[in-house]
Amino acid sequence: GQQLNQSPQSMFIQEGEDVSMNCTSSSIFNTWLWYKQEPGEGPVLLIALYKAGELTSNGRLTAQFGITRKDSFLNISASIPSDVGIYFCAGLEEGGSQGNLIFGKGTKLSVKP
Amino acid sequence: DAGVIQSPRHEVTEMGQEVTLRCKPISGHDYLFWYRQTMMRGLELLIYFNNNVPIDDSGMPEDRFSAKMPNASFSTLKIQPSEPRDSAVYFCASSRDRGYEQYFGPGTRLTVT
């Protein structure tokens, strides 16, 4: 089945630094979602994107739906220790089953105070 | 507003036993999803329902797995008989309308010995 390539797999950064991660697919997606998962909890929805080129912010988080509709980016500005967690991209493939979100493998973020 | 509720949070059982996981979706959400998360395979969609009707169960690993949604506020995922390879975190998620923005519960960590 379709796979999403999410990179990097992990990041170790200093508090205050900006973070950038991305997700790519081999086919066109209609929707991109970004989730954050903390240990022992379920993924929490951060941002949803529905149109090519769309740029959406949620506090220090900004995500973009790529123009080609085959990628998406998530940026975190001025990272803080509570940003630690695993960030997942997810998408709905064009022509795919309506509820069948495809998930990336995640980017594990560690922030050093 | 209560989120998705799952029970139990942790389950330890012996191989061959029946396991039942429970989920209460967010009120008003028409879609309900069951996922499994492991280190090796990441998040996998098992089955999803729309208006209490199973729509896509192609992700259910084998006949030992079954899911029901008797009403809009309750769903179960049953494994009978359980095997050690079923050990994973099982998430329930729900969404409104077309099922794009999915909201996850805290998960059930299942260990089969």
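The sequence lines fix the lettering, A, B, ..., with proteins before strands; numbering per chain opens at 1.
With hydrogens and angles left out, the side-chain atoms of A/S20 and A/N75 include a donor and acceptor closer than 3.5 Å. Defined by atom type and a distance below 3.5 Å, a donor-acceptor pair is missing between the side-chain atoms of B/Q102 and B/Y48. A donor atom on one side chain and an acceptor atom on the other are not found under 3.5 Å apart for B/T111 and B/S87.
Remark: of the listed residues A/W32, A/W34, A/Y35, A/Y35 is the sole one forming a ring-ring contact (aromatic ring centres under 6.0 Å, His included) with A/F103.
Taking B/V89, B/I55, B/L45 one by one and counting their heavy-atom pairs under 4.5 Å with chain A, the maximum is reached by B/L45. Between chain B and the residues A/A48, A/G40, A/P43, the largest count of heavy-atom pairs under 4.5 Å involves A/P43. If you tally non-hydrogen atom pairs under 4.5 Å between each of B/P106, B/G42, B/G107 and chain A, the highest count goes to B/P106.
Interatomic distance, CD of A/E54 versus OG1 of A/T31, reported as 9.5 Å (0.5 Å rounding).
Neither the backbone nor the side chain of B/E44 comes within less than 4.5 Å of any heavy atom in chain A. For chain A, the nearby part of B/M40 is the backbone; its heavy atoms alone come within less than 4.5 Å. Residue contact with chain A, scored on non-hydrogen atoms closer than 4.5 Å, is absent for B/R109.
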